[in-house]
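Working notes, beginning with the structure itself.
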Amino acid sequence: MTQPEQSAPAEAQNKPIDFIRQIIDEDLHSGKHSRPVTRFPPEPNGFLHIGHAKSICLNFGIAEENNSPCHLRFDDTNPSKEEESYVAAIQNDVRWLGFDWGKNLFFASDYFDQLYDFAVQLIQLGKAYVCELSAEEIRSYRGTLTEPGQDSPSRERGIAENLDLFRRMKDGEFEEGTHVLRAKIDMASPNLNMRDPVIYRIMKTHHHRTGDKWCIYPMYDYTHCLSDAIEGITHSLCTLEFENHRPLYDWVLDTLATPCHPQQIEFARLNLTYTVMSKRKLLQLVQEGHVSDWDDPRMLTVSGLRRRGYTPASIRNFCAEIGLGRKESWIDMTVLENAIRDDLNESAPRVLGVLKPLKVIIDNYPEDQVEELTAQNHPQKPELGSRALPFSRELYIEQDDFMEDPPKKFFRLGPGREVRLRYGYYIKFASMVKDEMTGEIQEIHCTYDPETRGGSSPDGRKVKGTIHWVSAAQAQTCQVRLYDRLFLTEHPDTDKERDFKEFLNPDSLTLLENCKVEPSLATAKPGDSFQFERNGYFCADPVDSRPGAPVFNRTVTLRDSWAKMMGGKG
RNA sequence: UGGGGCGUAGCCAAGCGGUGAAGGCACCGGGUUUUGAUCCCGGCAUUCGGAGGUUCGAAUCCUCCCGCCCCAGCCA
């Protein structure tokens, strides 16, 4: 009936808990921590996507379950790629998903002074040095996967000189690329991240928060662990590709006197079939015009999903369903589609809408008569009430609901057949009018049985098919956008030879301009979701839809075993 | 033949040495139905990447092998 409580602890839902929650539970029981403190640390260089939603649900979910904080921290250490506008969009998306960071909104740039002081300490400890090698030299000195690196000529420079040089880096005395600060660890480490990683670089770029105060910016590996420690994070959750960075995360925190030492735990990122997930590729789709923008309903960005008609609950349920592990995995797109169907099936009011209209004239129905029929808003939920549907002599039905020469199992309209109009009357085929030139069917003539008002017959005769319809005179004409998967293949970006854009689905968007929907939809509010019976779930476009001129986006089709059957026969 | 990870059904995923290998998606049947939807019922791994070994007993422990992923940004 009702969905399980969103915020109930996983255990209470009788669901097995994931390995991260197991670790946290153990730390709580052992007394290592009295409560967990997690964080979601986006870089403000793009929009959030469904993969981020997985991380958000994890980090904020743990906080909800334990009544503990989850920080929202922007990892804004690279001003050349980051923008203020992304900061706002990201906050909006996290809030929309239903999460609240309370007072815990932070920026890595808040810590730039502390980070600088820590770097000075590292130098004083003899654990960092200013290196004057060029970027290319640093690369060649790093060695390879199988050969150790070589020491930088600057490696044994004295502490005083390092201190002076680092101060002068900060003061803008050097050009970009001429000097970096490096941690002094081990040039022979089998883990390349430990071969004296760069921790500060010169970048004479305006920062969206610190302005022109800094011309040196700290690198991720150095910044992230210290930010976690400064904030008192207990469990720092990130994706698998950072596993090789954990020794460095721990080295920085072990070397410096920090308030605490958070535990980094890695999990597998989300991959979905029939789409791409990397911000770089999403950006490319936007910049090259394959989609309209970051919030194009075909994009699996949070903003795209929102515009498509996905609900926060559906995304949270999806994230809960897919599980969490350390195995690289591909979640089937049908799992996401199933999540939104599940949610909308419960909540979306039912309406009648004809996407590809075919005119039907009921020859024996009075010329000027209009009557009102009653339709349920949700057949499984009578408490959602009903509405009136105008019925008249001229109607529209779906082109797909008529076949001139139908197979036996086609339970719809065709020569000699009778069908039920949903909430209306039984109608029987009489004749059809075709365009003499093209052979295209222009209109169908039928007769109706006045005894079947509402959809049942006193003589108890059965009709196998029920089809949807809209009264022509009262219909609201509108635009409908049919969205389909953006890519044709399950793994568009794993082909080594072919670019992922070669697999774009040319039919991912179908624009229908002459759709006929029931009059109640004229006033649909932007963002409202409906089930167009027998067609799918649709949402009034949040951007382009207007009262009196609605525009609908197809969120997802209904399951369609008929189409599946027909598809199987070719 | 550098290091770090991972391998349970088509796709995810429980399982943490003890009689029958959860659950979801997908798929296949059947029932209800004024949405070919929803809902309901049933089917779907004699087997856990492979081979050995330990044990009365292993998907769970050990050994070897095979496969896949990550790392040589002054990105995060």
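The chains referred to below are lettered A, B, ... by the order of the sequence lines, with proteins before strands, and numbering in each begins at 1.
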Pairwise 5' ranking along RNA chain B for A/Ile331 and A/Pro379, keeping only the more 5' one: A/Ile331

Can you find a donor-acceptor pair, distance only, under 3.5 Å between [X] side chain and [N] base?
X        : N      : result
A/Arg246 : B/rG4  : no
A/Asn244 : B/rG5  : no
A/Gln380 : B/rA37 : yes

Polar contact flag, side-chain donor to acceptor under 3.5 angstrom, A/Arg420-A/Thr452: no

Whole-Å distance separating the [atom1] atom of [X] from the [atom2] atom of [N]:
X        : N      : atom1 : atom2 : answer
A/Met333 : B/rG10 : CE    : C1'   : 17 Å
A/Ile340 : B/rU38 : CD1   : C1'   : 15 Å
A/Arg326 : B/rA13 : CZ    : P     : 13 Å
A/Lys327 : B/rG4  : NZ    : P     : 22 Å
A/Leu145 : B/rG5  : CG    : C1'   : 15 Å
A/Phe242 : B/rG73 : CZ    : P     : 15 Å
A/Glu175 : B/rC74 : CD    : P     : 19 Å
A/Glu176 : B/rC74 : CD    : P     : 14 Å

Over-ring placement of A/Arg157 relative to A/Tyr129, 6.0 Å and 45° cut-offs: no

Parallel, tilted or perpendicular, as decided by the 30° and 60° cut-offs, for the rings of A/His179 and A/Phe174: parallel

Plane angle bin for A/Phe47 and A/Trp294 - parallel if under 30°, tilted between 30 and 60°, otherwise perpendicular: parallel

Syn/anti state of B/rG73 by chi, 90° boundary around 0: syn

B/rA76 base stacked by A/Tyr220 (centroids within less than 5.5 Å, tilt under 30°): no

Residues which pass side-chain contact (heavy atoms from CB on, under 4.5 Å) with A/Ser55, listed by chain and number, not counting sequence neighbours: A/Phe40, A/Asn59, A/Phe267

